[in-house]
Amino acid sequence: MADIKTHLRELSVAVTAGLLLSDIPFQVSDLYDSQTFWQLAQSVIDNNISTAQNILEVPTYTGELRDILHNGCRLGRAIVENSHFHFHKGDKILWLGAQTQKGDPIDVKIGAYGFSLKENSFILENMGLYKLLNYMTGSHYQRGLHIFTTFAPEEYDRWFAYTWECFVDYLQKHEIWVREKKGKLSSAYLDDDRVILQYTGKKGSDKASVPTHITTNRQYMDYTTSRIREKVFSKWIKKQFADDPTYLALKRSCSVAAGERVVELIRSGYDPTSLYHFFQIHPFEYYYAKTTAQETTILRVPSTATFGQTIQLKECRYEAPISQLNIISTFENTATHKVLEFRNECRFSHGQFNGTPEAKMYVRRDTSLAELYDPI
């Protein structure tokens with residue numbers, strides 16, 4: 001289930017549009033009460049929104065949630081009042097944000113128009129590495145492709161082995177490591193030739209017993225669960241160890257090795273026909289709508305039939321200024337000679353050495369998507 005912020009961000013646009021198109025008078029302040037907001041949402045949104053009931057966990061929206069609500073209402077009003085769209089009273093309002101596996105970016109549909117909604121975000125897609133490579137090269141990599149184990153396995157194991165060895169050494173000197181926060185308890189200690197990792201939280205307790213002599217991340221993964229990796233070992237790294245110069249050097253060495261190989265793969269196998277996926281161009285037209293405290297932007301995203309061949313890859317490179325790996329893709333609009341730059345941040349989202357790193361894609365802050373999509 002998405003968090004309250006995401007649900008409120010999407011539903012506030014749908015609710016505002018629905019109220020305006022139904023000629024129901026309201027003030028934004030009317031929506032501060034979550035029960036009132038929920039009742040109105042159910043009355044104007046035509047499909048099932050029960051998966052967003054977590055917005056009722058907060059009785060009254062304040063602070064950041066209120067800011068999100070205001071931005072969503074402003075965006076919803078901007079959409080309804082934009083002369084580009086031809087809405088009619090009684091047009092169906094559909095919330096599609098909960099359908100995460102539907103394969104398209106539409107969060108809200110108002111009448112015949114679909115909208116992909118953003119707020120203070122420069123993320124185009126929380127894609128994995130497999131999607132980045134498939135989009136850029138037309139390959140067929142599968143979900144779960146790990147940038148380090150695939151493209152820098154030796155460097156990755158050296159990074160892990162050093163970190164694990166230091167962890168064991170720490171426990172030998174201090175006997176136990178404990179972290180307690182908001183009633184959640186993480187701990188680690190030695191028991192003969194094993195490291196005992198424990199975590200207790202709201203959803204119960206997890207425990208893992210790992211041999212002290214392991215040297216590879218694969219071995220570590222085999223002995224642990226995702227929750228143990230996120231809540232114990234990665235917490236120790238962040239608290240005790242993340243600034244260690246040897247650790248950072250090994251991490252950077254791994255990032256550089258993986259970056260070199262991934263960039264070479266993209267350069268040698270680049271397939272321009274896959275760009276539709278990279279730029280989230282679909283067989284149908286839809287709208288990219290973004291709101292911040294300063295401005296509201298609505299862009300028409302053309303369909304594959306009208307996108308044309310004006311966007312070309314200019315450069316692909318990697319960066320690892322400290323240790324995190326970023327894949328930088330630069331495109332040129334050959335019709336305007338404007339440059340579009342995207343950054344895929346290859347990093348763990350749930351703790352170091354835990355599962356498969358993501359490759360979240362951001363548009364550079366001074367890059368205008370109007371060079372790619374059409375302002376309306």
Parallel, tilted or perpendicular, as decided by the 30° and 60° cut-offs, for the rings of [Y] and [X]:
X: Tyr113; Y: Phe85; answer: perpendicular
X: Phe241; Y: Tyr247; answer: perpendicular
X: Phe348; Y: Phe148; answer: tilted
X: His84; Y: Tyr287; answer: perpendicular
X: Trp95; Y: His7; answer: perpendicular

### Message
Hydrogens and angles aside, do Asp104 and Tyr286 bring a side-chain donor and acceptor to less than 3.5 Å of each other?
### Response
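Not at all, the side chains of Asp104 and Tyr286 share no donor-acceptor pair under 3.5 Å.
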### Message
Quick one about His70 and Tyr32 (side-chain donor to acceptor, distance below 3.5 Å, no hydrogens or angles considered), yes or no?
### Response
yes
### Query
Going by an N to O cut-off under 4.0 Å, is there a salt bridge joining Arg227 and Asp206?
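Here Arg227 pairs with Asp206 in a salt bridge, since their nearest N and O are under 4.0 Å apart.
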### Query
Taking 4.0 angstrom as the limit, do Glu345 and Arg343 come out as a salt bridge?
yes
### Task
Would you mind telling me which of Thr216, Asp222, Thr215 makes a side-chain hydrogen bond (donor to acceptor under 3.5 Å, both in side chains) with Arg218?
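That would be Asp222.
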Side chains of [X] and [Y], heavy atoms from C-beta outward: is any pair under 4.5 Å?
X: Val195; Y: Phe233; answer: no
X: Leu265; Y: Phe151; answer: yes
X: Asn47; Y: Leu96; answer: yes

### Backbone of Arg229 reached by a side-chain donor or acceptor of Thr224 within 3.5 Å
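No; zero donor-acceptor contacts below 3.5 Å.
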### Query
Does the ring centre of Phe167 sit less than 6.0 Å away from the ring centre of Trp177?
no
### Query
Can the ring centres of Phe279 and Tyr373 be said to be less than 6.0 Å apart?
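No, ring centres 6.0 Å or more apart.
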